[in-house]
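Just so you know, these numbers use all the heavy atoms, side chains as well, and skip hydrogens, waters and symmetry mates. What you are looking at is a predicted structure, and each value in this text was computed from that prediction instead of being measured. Below, chains carry the letters A, B, ... as their sequence lines are ordered, and counting in each starts from 1.
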There are 2 protein chains.
Amino acid sequence: MVTLSEVARRARVTAATVSNVLRNREKVRPETAERVLQAIAELGYRPNLNARALAQGRSSTLALMLSNIANPFYPEFVLAAERAARKAGHFLMVCNTDDDAQIGRAYLNQIAGTFADGVLVMNTDIAMNELCISAMQNGPILLAMWEHPEKPPALPCVAVDFARAGALAAQHLLELGHRNIAMLTGDGCGGLQDARSDGFRAKLLEEGVDLATLAQLQVRDSIDSGYAACQQLFAQHPRVTAIFATNDLLAIGAIQALVSMGCAVPDDVSVIGITDIQLAHQMRPALTTVAIQTEAVAELSIRSLIRLIDEPDKQPPMVLGPPPELVTRMSTGPRRRRARG
Amino acid sequence: MVTLSEVARRARVTAATVSNVLRNREKVRPETAERVLQAIAELGYRPNLNARALAQGRSSTLALMLSNIANPFYPEFVLAAERAARKAGHFLMVCNTDDDAQIGRAYLNQIAGTFADGVLVMNTDIAMNELCISAMQNGPILLAMWEHPEKPPALPCVAVDFARAGALAAQHLLELGHRNIAMLTGDGCGGLQDARSDGFRAKLLEEGVDLATLAQLQVRDSIDSGYAACQQLFAQHPRVTAIFATNDLLAIGAIQALVSMGCAVPDDVSVIGITDIQLAHQMRPALTTVAIQTEAVAELSIRSLIRLIDEPDKQPPMVLGPPPELVTRMSTGPRRRRARG
DNA sequence: TTGAAAGCGCTAACAA
DNA sequence: TTGTTAGCGCTTTCAA
């Protein structure tokens, strides 16, 4: 392995000068720099990032903790986060906790403030939240996708107004004339997505809908469980004309179930989700949903984390992401008399 | 930050002893170890992984390079790879190259043999392949999901017999009586998936099918382009009764297109893919596909990479993953007289 | 079984 | 503008 001092020797300078060339080029005379650069090229020198990290006390690595990357929402977030990190000169380490607090704790313990200059934690449940708070002393931690802007957590966070997302979904269904509505609330990979369902319920109430008529189900966060929940739902509440799911996976699962049961979407039943994952527009019928601008939030989160690392004073405790927006596609339509039994 | 020597001082031993306690516990007397452990607990000591990495010359970090994590195949691989890495005491750094050789080169240059003890590279095209070969001198690199077991690359790899996957798909369609077949070949995130299509073609030939009747299209690797390609296909070849796609995304896109065009799947047209991503069984109709055991291959790849790092002599240049298997679901059925124009 | 000491490769004062 | 020097926190011979 070629080291800094070998480069220095070859360029007939000292290690300090090489180091200077490698970062602030100002302090070194152009001819010297040239010589150093050439030596670097000739020797094929590559800096040892571990040594640099140790000397600098920072590793240029950010960690992203998430519960399960197989949930299609995460890859989209990761993609944007990795780009943002890369552009800012950081690496991104993905830490998958498998929904296991033990693993989350281990990761947090090992990397916060050591391997990673900062940690971005997504969709925390209460246990995870506690862990993060106690891990804050080790290094900067930021919560991404915090769902309750009205009650900031005890850690820095990037929040998204998910209650508003729920309200937008409610408004859309109401405007289409639906009154027999069912709601599927996902577990959000650890933390119940209740900001979304609360927002939805509040809007219904505001518009004078009797919440007693609202069929409610709590389910795991996946297409499969959306499918199962929808079947169960219609066995119990056959007169439902619209389904609100707190995320797109559930909504997609519901649509699949409806199709299997011979229900037309949206003619018999409308379905709306939240998030606007890729799949939402790739399905047929394409899913109506409330977009939360995953990319923008990911970028904002990375930028905020970096600021938290570099200038902690300048980073506000809570940053609010862009507002959710309704994306109308083909899975919702006006209420019609149901043709089936 | 609490350091090793602070722990040592508190336990009234030297740093070397603490270090010994932290790894090979044999060499130290139980009572001493006990004192050290207590000091660690009292001080809340956490080892500095950068320092350890520098001293040991290894970072316990593995890097996974892939072209675009938003492709649903990758998260499934990442999930399994991360688990395997974690269980083996390694971290996993995800490097997304955005299909950009520049970014790939930069990553390889920066991390191979430095930040990462080893690098797993997926789905390389030729450019990437060259890069990897020249980066091998920096540190262990292993190609995952090599598609051509019959021609091993110039690097260590874990291969999967994708030609066989194509052949299995062909056999299935032939057994169902299909003769008017179309083939959608994906670009595989950089490297054309031609092992799959070659295997498919070879099987057809073997069974005496005239390849001239095989409509062939090359497309980008996504649901959207599968959709578009399928529409285009039927405009030109309306008599096709079965579609083979070299991966599930294309197959899923094709099904969506068929549904939109009013074609029943599988009654009018059968569709088969390769991979068996999660989505394949979550769709309606559920997709018939050839499973390549992503999880097992990911695990095998991580294990192989670790062996390549620890005992390079014991790691064979090419390891063959489990054989692909046909998974029959609802998107394929016997050929029937087509009812449409 | 424990301690002493050197060093991993780089950075960052400070001095020249 | 360049060199000297002293670490960063840990591991690892080697000696005691």
For atom CZ of A:Arg35 and atom P of D:dT1, their distance in whole Å: 14 Å
B:Arg10 and B:Glu6 ion-paired at < 4.0 Å: no
B:Leu54 CG to D:dT12 P, straight-line distance once rounded to whole Å: 12 Å
Closest listed nucleotide, where the reference is the side chain of A:Ser19 and the choices are C:dT11, D:dT11, D:dG3: C:dT11
Lys/Arg-Asp/Glu bridge criterion (N-O < 4.0 Å) met for B:Glu31, B:Arg35: no
Atom-to-atom span, CG of B:Asn20 to P of D:dT12 - whole angstrom: 9 Å
Nearest-neighbour nucleotide for the A:Met1 side chain, D:dG9, C:dG3, C:dG9 considered: C:dG9
Whole angstrom value for the distance that separates P of C:dG3 from CZ of B:Arg12: 11 Å
Nucleotide of C:dT11, D:dT4, D:dC10 approaching A:Thr14 most closely (side-chain heavy atoms): D:dT4
Interatomic distance, A:Lys27 NZ vs C:dC14 P [rounded to whole Å]: 11 Å
Residue A:Arg23, side-chain atoms from C-beta onward, closest of C:dG9, C:dT11, D:dT11: C:dT11
Rounded distance (Å) that lies between atom P of C:dC8 and atom CG of B:Asp117: 18 Å
Value in whole Å for how far the P atom of C:dG7 lies from CG of A:Leu4: 18 Å
Presence of salt bridge, A:Arg58 and A:Asp310, under 4.0 angstrom: yes
Separation of atom CD in B:Gln56 from atom C1' in C:dG7, rounded to whole Å: 14 Å
A:Arg29 side-chain proximity, nearest of D:dC8, D:dT2, C:dT11: D:dT2
First of B:Ala51 and B:Ala16 reached from the 5' end of DNA chain C, by closest nucleotide: B:Ala16
Side-chain donor/acceptor of B:Arg46 to backbone N/O of A:Ala112, under 3.5 Å: yes
Among D:dT2, C:dG3, C:dC10, the one nearest A:Ala55 by side-chain distance: C:dC10
Side chain of A:Arg52 - closest among D:dT12, C:dA12, C:dT11: C:dT11
Residue B:Thr3, side-chain atoms from C-beta onward, closest of C:dT2, D:dG9, C:dC10: D:dG9
Selection from D:dT11, D:dC8, C:dT2 that lies nearest to any side-chain heavy atom of B:Val28: C:dT2
B:Thr17 side chain, from C-beta outward: closest of D:dT2, C:dC8, C:dT2: C:dT2
Aromatic plane relationship, A:Phe115 with B:Phe115 - under 30° parallel, 30 to 60° tilted, over 60° perpendicular: parallel
